[in-house]
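Structure record follows, encoded as structure tokens.
In what follows, every chain begins at residue 1, and chains take the letters A, B, ... in the order their sequences are listed.
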2 protein chains.
Amino acid sequence: MGVTKTQNFTQEQNQVATYAKALAHPARIAILQYLLKKQTCICGDLVEELPLAQATVSQHLKELKAIGLIKGTVEGTSVCYCIDQHKWEEVRDVLLNLFSSPVACQDSCC
Amino acid sequence: MGVTKTQNFTQEQNQVATYAKALAHPARIAILQYLLKKQTCICGDLVEELPLAQATVSQHLKELKAIGLIKGTVEGTSVCYCIDQHKWEEVRDVLLNLFSSPVACQDSCC
DNA sequence: TTAATATATCGCAATGATACGATTAATGTT
DNA sequence: AACATTAATCGTATCATTGCGATATATTAA
């Protein structure tokens, strides 16, 4: 059917999956890394940094904005993008919460 | 086109995206949580735990196996599933490495 | 050997994601 | 006002993902 049965899973499971999906494309990772590296808002020159057309970059930015991981502020003819610190830490914590669980099953168990 | 231009991004960007994609479905999160909770291998009763058909569960397991996050051992008529500790820690570290970067851009900057 | 049980794979249908050219919208410049 | 610049949106093509019934495969039990 191609439709994820979201309603049959817990809120936490859906949240982790939603955050992971936002990170599930190298272009979006590249955008986040660039925003982190520059230590400031990026106004404009994001398209030149990526090997994708302007429309495609805009679409990836839209997805990151949709979950609140980045925010854009109109600044003249261009738009300044920032990582949203609160959401950034929330996503980190949600992922960390899953991966903080120790793996009990050792090599010998099966 | 619908084809991700993988070759135009760095290995690290693709790695993060690949791991994130494996986590980008609530059913796969549910599987991992169940394996963590049970503190041991799970032999058989995974299908009953999920609100999905057997074929669909098998497919999600296949995806987790494809990146090495879980491993299956044939045990009689059933298969025992474990989380692979090494891969688990690697995925955790790769994600943590991205999210350990501080967000320099504060509220006031734009 | 035959039957039962459990898992994987196949085939199909429906929806989602990716990519980009073209267009639109908004702002600044002349 | 007219033009230039920048980003968002639209339309469309293509491939990927999700889901499940049906079937194949493998092992155990009778």
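- Close to C/dA8, at under 4.0 Å from its OP1 or OP2, lies a side-chain N or O of B/S58.
- Counting only heavy atoms from C-beta outward, the side chains of B/N97 and B/D93 never approach each other to under 4.5 Å.
- With rounding to whole Å, A/Q59 atom CD is found 10 Å from D/dC10 atom C1'.
- Both B/T56 and A/L61 sit near DNA chain D, but only A/L61 has its closest nucleotide nearer the 5' end.
- In this entry the distance linking CD of B/E75 with C1' of C/dT5 reads 15 Å, nearest Å.
- Residue A/A53 is classed as a sugar-phosphate contact, given heavy-atom separations below 4.0 Å to backbone atoms only.
- The CD1-P distance, from A/I31 to D/dA7, rounds to 12 Å in whole Å.
- Among the heavy atoms of the strands lying under 4.0 Å from A/E63 are primed sugar atoms or P, OP1, OP2 only; no base atom is included.
- Of the side-chain N and O atoms in A/K5, one or more sit less than 4.0 angstrom from OP1 or OP2 of D/dC20.
- Side-chain nitrogen and oxygen atoms of A/H60 include none within less than 4.0 Å of the OP1 or OP2 phosphate oxygen of C/dA17.
- At least one side-chain nitrogen or oxygen of B/K21 sits closer than 4.0 Å to the OP1 or OP2 atom of D/dT17.
- Between B/V74 and B/H25, the one whose closest nucleotide on DNA chain D sits nearer the 5' end is B/H25.
- Between A/Y81 and D/dA8 there is a side-chain polar atom (N or O) within less than 4.0 angstrom of OP1 or OP2.
- Of the two residues contacting DNA chain C, namely B/T77 and B/T6, the nearest-nucleotide position lying further toward the 5' end is that of B/T77.
- The CG-P distance, from B/L46 to C/dT5, rounds to 20 Å in whole Å.
- Taking the six-membered ring where the residue is Trp, A/H25 and B/F9 present perpendicular rings, their angle passing 60° and hence far from 30°.
- Spacing between atom CD of A/E49 and atom C1' of D/dT6 amounts to 16 Å, rounded to whole angstrom units.
- The local environment of CD in B/Q11 is sparse, with at most 12 non-hydrogen atoms from other residues, nucleotides or ligands closer than 6.0 Å.
- A/Q54 contributes a side-chain N or O that forms a donor-acceptor pair with the base of D/dA8 under 3.5 Å.
- Separating the CD1 atom of B/I70 from the P atom of C/dT7 is a distance of 12 Å, rounded to the nearest angstrom.
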Full working for side chain to side chain contact (heavy atoms under 4.5 Å, CB included) between A/L50 and A/H60
CA-CA 11 Å; A/L50 294 169; A/H60 284 302; over 6 Å; no
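- Summarising the geometry, the separation between CG on A/D45 and P on D/dT5 is reported as 17 Å, rounded to the nearest angstrom.
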